[in-house]
Amino acid sequence: MSKKIYENAAHALEGLTFDGMSVMAGGFGLCGIPENLIAALRDSGAQNITAIFNNAGVDGFGLGLLLETRQIKKMVSSYVGENKEFERQYLAGELELEFNPQGTMAERIRAGGAGIPGFYTKTGVGTVIADGKPTREFDGETYIMETGLTCDVALVKAWRGDAQGNLQFKDTARNFNPMMATAGEITIVEVDELVEVGSFNPNFIHTPGVFVQRIIQAKCEKRIEKVTTRGPRPIEGDA
Amino acid sequence: MSKKIYENAAHALEGLTFDGMSVMAGGFGLCGIPENLIAALRDSGAQNITAIFNNAGVDGFGLGLLLETRQIKKMVSSYVGENKEFERQYLAGELELEFNPQGTMAERIRAGGAGIPGFYTKTGVGTVIADGKPTREFDGETYIMETGLTCDVALVKAWRGDAQGNLQFKDTARNFNPMMATAGEITIVEVDELVEVGSFNPNFIHTPGVFVQRIIQAKCEKRIEKVTTRGPRPIEGDA
Amino acid sequence: MAWSRDDMARRAAQELKDGYYVNLGIGIPTLVANYIPEGVDVTLQSENGMLGMGPFPYDGEEDPDLINAGKQTITALRRSSYFNSADSFAMIRGGHIDLSILGAMEVSENGDIANWMIPGKMVKGMGGAMDLVAGVKRCLVTMDHTNRAGASKFLKSCSLPLTGKNCIAMVITDLGVFERDGSGQFRVSELAPGITLDEVRAKTEADIDYP
Amino acid sequence: MAWSRDDMARRAAQELKDGYYVNLGIGIPTLVANYIPEGVDVTLQSENGMLGMGPFPYDGEEDPDLINAGKQTITALRRSSYFNSADSFAMIRGGHIDLSILGAMEVSENGDIANWMIPGKMVKGMGGAMDLVAGVKRCLVTMDHTNRAGASKFLKSCSLPLTGKNCIAMVITDLGVFERDGSGQFRVSELAPGITLDEVRAKTEADIDYP
């Protein structure tokens with residue numbers, strides 16, 4: 001079963017990229033994004049990508065790489081406020097954009113991976129998000145129907161993984177990654193650390209290996225968008 | 001925040017039981033059931049309970065306790081094949097029964113806790129389970145709508161818990177417990193071990209404390225329904 | 001000579017491919033685990049919340065917190081993972097399990113299956129069976145070809161309440177192997193040793209394709 | 001004198017009750033964490049997947065894998081837990097968070113809020129705001145009473161695209177506190193020091209209840 005392990009990001013994407021493909025990539029802002037797989041996707045040259053990413057990265061990094069090269073036809077996102085090239089392309093009409101409330105987006109991806117083609121939510125009722133969507137009343141309250149989301153290839157960033165594809169995520173770098181792992185026709189993962197099968201306590205595996213087809217170990221730069229601190233650590237003994 | 005910790009099962013149920021209440025209890029067969037809380041619920045004398053339990057326990061143990069005393073008006077379950085008293089009451093028309101496919105039941109409980117009042121599934125299409133349920137087509141395939149499930153009180157069995165209500169579950173004793181913890185108006189948990197806040201790696205908490213209102217530490221008998229073995233362990237050195 | 005339960009399990013095991021994730025039902029399907037071909041690495045899912053199900057424990061090593069979907073004590077493997085019931089059936093419903101091998105009371109010629117209820121008698125419940133037949137990529141039935149009274153269990157249409165419609169791709173009975181082709185019709189693809197097509201014809205109500 | 005941003009945050013913090021689970025938005029709401037009353041134990045949720053958000057890290061101790069919903073580096077507490085985005089919003093949508101404090105561009109007299117989009121200008125997206133106002137048990141807005149041009153932000157009805165309808169229970173502005181009563185109408189429940197009802201009247205388009 002070491003058949004799941006690939007040498008690097010370019011190899012892991014081999015045979016899977018094509019024009020018009022749909023791609024999910026994990027991450028919230030620049031936290032927990034599959035940096036190496038995104039760069040390899042850019043290098044693959046695939047065009048007209050439908051990109052299901054919570055955010056648009058920043059200029060020149062993360063998903064910004066794919067925007068610079070204009071490989072993206074349509075974005076499905078909840079917040080894109082951090083990327084100027086995105087703004088330019090969108091205002092110029094070069095890019096389609098579908099906004100989803102963040103929780104609706106997360107749930108749509110989970111639903112897609114779980115064989116649930118539609119579900120009802122009160123998020124967005126009475127807003128533009130509800131336009132054109134079927135509604136239904138439950139207990140006298142109105143809810144809108146949202147659909148499940150899947151994709152051709154899901155790009156996932158995990159903390160640790162093994163040759164079976166079992167994964168663990170770290171802190172808030174988890175975010176969209178576990179759901180996306182379930183929603184890809186093919187799921188490719190990059191991990192900080194590849195560990196021996198059997199290293200994990202089976203109670204604490206976030207993503208069981210069944211969801212993972214290919215895995216690489218790769219070094220991430222892990223840029224921080226907004227370094228925020230409370231000042232220097234007080235000297236021992238001070239209050 | 002040690003306000004969540006109660007001395008024992010009877011105290012933990014105080015003020016929460018009433019005739020006609022709805023109750024969920026975790027467990028698959030006798031594995032991972034909140035034994036002490038179920039016994040305390042019986043002792044509370046609450047009548048006409050709607051019981052949302054995957055199974056009906058066995059005669060005289062687990063949920064069987066509540067059947068003996070006829071405190072249950074209606075069962076929502078996926079499989080009740082292990083309990084003779086259940087059979088007797090059901091055939092005598094003393095008990096209502098609503099069967100749910102196991103995966104539909106698990107998803108309905110998750111949906112209930114997640115604010116999702118309805119979702120579509122292909123499980124049960126073309127069977128009696130679909131009778132009377134709304135349907136909808138997605139990509140030319142028919143799906144049925146199932147609704148979210150919540151309850152007045154959820155009884156949960158966990159492995160370890162802390163005073164914040166953070167929980168970890170063990171092996172297949174996890175089953176329905178984490179979803180039920182999210183679906184109770186009030187959730188009460190019994191744990192094998194109460195640990196100090198801060199003992200858990202925050203990456204490996206199965207149920208965050210927000211879902212838990214009351215918690216007790218209690219000894220479980222943990223009966224095994226079907227002891228199945230492959231014989232004696234071979235002597236060291238044998239194959 | 002008709003196939004024994006173990007013969008059927010052995011034949012079903014030939015359907016396992018390297019890297020498959022498989023869910024095995026109760027009865028004959030459970031025996032399939034004993035006949036996984038050499039060099040074929042298969043991961044067993046147990047729908048109560050485990051991937052990578054290991055063998056039964058040694059005497060005295062049973063753990064009440066670790067059981068399979070048949071409520072038998074089991075063990076874990078180095079690859080194993082545990083998850084909750086919602087995640088387990090998300091895995092099943094979402095089409096992530098390659099193969100399910102189930103028992104059946106009846107199978108119909110259009111691939112319907114009935115295996116959870118006999119009206120008038122006690123109703124035990126469908127457990128996870130409806131989810132499995134609706135969600136798993138390929139479902140295979142192992143069953144006796146006829147019931148104790150000698151009546152065919154491979155029917156034109158099921159008489160018992162269905163577990164799922166048009167979901168069974170292959171049936172393995174004591175008489176042989178019946179596989180559905182592109183047109184959706186079952187055909188006899190293998191016979192148990194000594195079994196004749198005439199015997200299959202006599203014991204099969206379903207309209208199937210004979211070679 | 002009108003309240004400063006910190007005054008508004010301090011006043012909003014009075015709405016926190018012991019044992020509450022709270023989600024704080026970006027801007028003034030973030031400052032609320034600095035004014036949690038003594039003896040009141042509050043757990044902060046960050047919708048990107050954390051319960052029990054700690055303070056900002058000390059210089060040089062930032063962890064790129066640990067940020068809040070505003071993308072700022074943060075730290076964990078002994079009580080903290082991490083979860084994925086679907087579970088995070090299940091917590092929010094399912095009504096498990098007691099209080100959300102948000103900023104707003106506009107609030108209407110019937111409790112509508114607009115805080116995510118200005119048509120014609122750049123659209124950044126709603127992020128988790130629509131989920132929060134739809135799901136959290138009680139939502140409270142902190143905002144300036146008027147915009148830079150001096151026009152009221154507390155309106156008869158919102159002119160900007162809505163984030164949610166009929167979901168705001170209380171508004172805290174630089175002029176005072178406005179709380180909705182049983183009838184659903186906002187009333188002036190507190191004034192900032194030196195602010196008169198006449199000044200509030202002059203700066204409020206919404207039809208609210210004056211004492």
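Within every chain, numbering begins at 1; the chains are lettered A, B, ... in the order of the sequence lines, protein sequences first and strands thereafter.
With a 4.5 Å cut-off on side-chain heavy atoms, A:D171 and D:D63 count as touching. By the 4.5 Å heavy-atom criterion applied to side chains, A:F99 and D:W116 are counted as neighbours. You'll find the side chain of D:R93 reaches within 4.5 Å of the side chain of A:T123, heavy atoms only. The shortest distance between side-chain heavy atoms of A:Y79 and D:K71 falls below 4.5 Å.
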Please list every donor-acceptor pair under 3.5 Å in which a side-chain atom of residues 48-58 of chain D meets a protein atom from a residue at least two apart or in another chain.
residue : atom : partner : partner atom : Å
D:N48   : OD1  : D:S46   : OG           : 2.6
D:N48   : OD1  : D:A69   : N            : 3.3
D:N48   : ND2  : D:I67   : O            : 2.8
D:Y58   : OH   : A:R230  : NH1          : 3.2

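The candidate with the highest count of non-hydrogen atom pairs below 4.5 Å against chain D, out of A:T104, A:T127, A:I129, is A:T127. Of the listed residues D:A86, D:G128, D:G127, D:A134, the one with more heavy-atom pairs under 4.5 angstrom with chain A than any other is D:G127. In terms of non-hydrogen atom pairs under 4.5 Å with chain D, the most contact-rich of A:G126, A:P101, A:A106 is A:P101.
Other residues, nucleotides and ligands contribute only 12 or fewer heavy atoms inside 6.0 Å of the CG atom of A:D139. Within a 6.0 Å sphere centred on NZ of D:K156, heavy atoms belonging to other residues, nucleotides or ligands number more than 12. Other residues, nucleotides and ligands contribute only 12 or fewer heavy atoms inside 6.0 Å of the CD atom of A:E185.
The part of A:R110 that comes within reach of chain D is its side chain, from C-beta onward, which places non-hydrogen atoms under 4.5 angstrom from that chain. With a 4.5 angstrom heavy-atom cutoff, D:N68 touches chain A only via backbone atoms. Of the atoms belonging to A:N55, it is side-chain heavy atoms, and not backbone ones, that fall under 4.5 Å from chain D. Looking at A:P178, only its side chain comes within 4.5 Å of chain D, counting heavy atoms on both sides. Proximity to chain D is absent for every atom of A:S77, based on heavy atoms less than 4.5 angstrom apart. Proximity to chain A involves both the backbone and the side chain of D:L66, based on heavy atoms less than 4.5 angstrom apart.
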**Report entry** Check against side-chain contact (heavy atoms from CB on, under 4.5 Å), D:E62 and A:I224
**Finding:** CA-CA 9 Å; D:E62 311 85 19; A:I224 298 178; 3.9 Å; yes

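What you find for D:E47 and A:Q102 is that their closest heavy atoms are O-NE2, 4.2 Å.
Between D:Y82 atom OH and A:K170 atom NZ the span is 7.5 Å, to the nearest 0.5 Å. Remark: D:I74 CD1 to A:T228 OG1 distance equals 10.0 Å, nearest 0.5 Å. The CE atom of A:M179 lies 4.5 Å from the CG atom of D:N84; values are rounded to the nearest 0.5 Å.
Taking the charged nitrogens against the carboxylate oxygens, D:D65 and A:R174 have no contact shorter than 4.0 Å, which rules out a salt bridge.
Between the side chain of A:K226 and the backbone N or O of D:G70 there is at least one donor-acceptor pair closer than 3.5 Å.
There is no side-chain donor-acceptor pair under 3.5 Å between A:N175 and D:S85.
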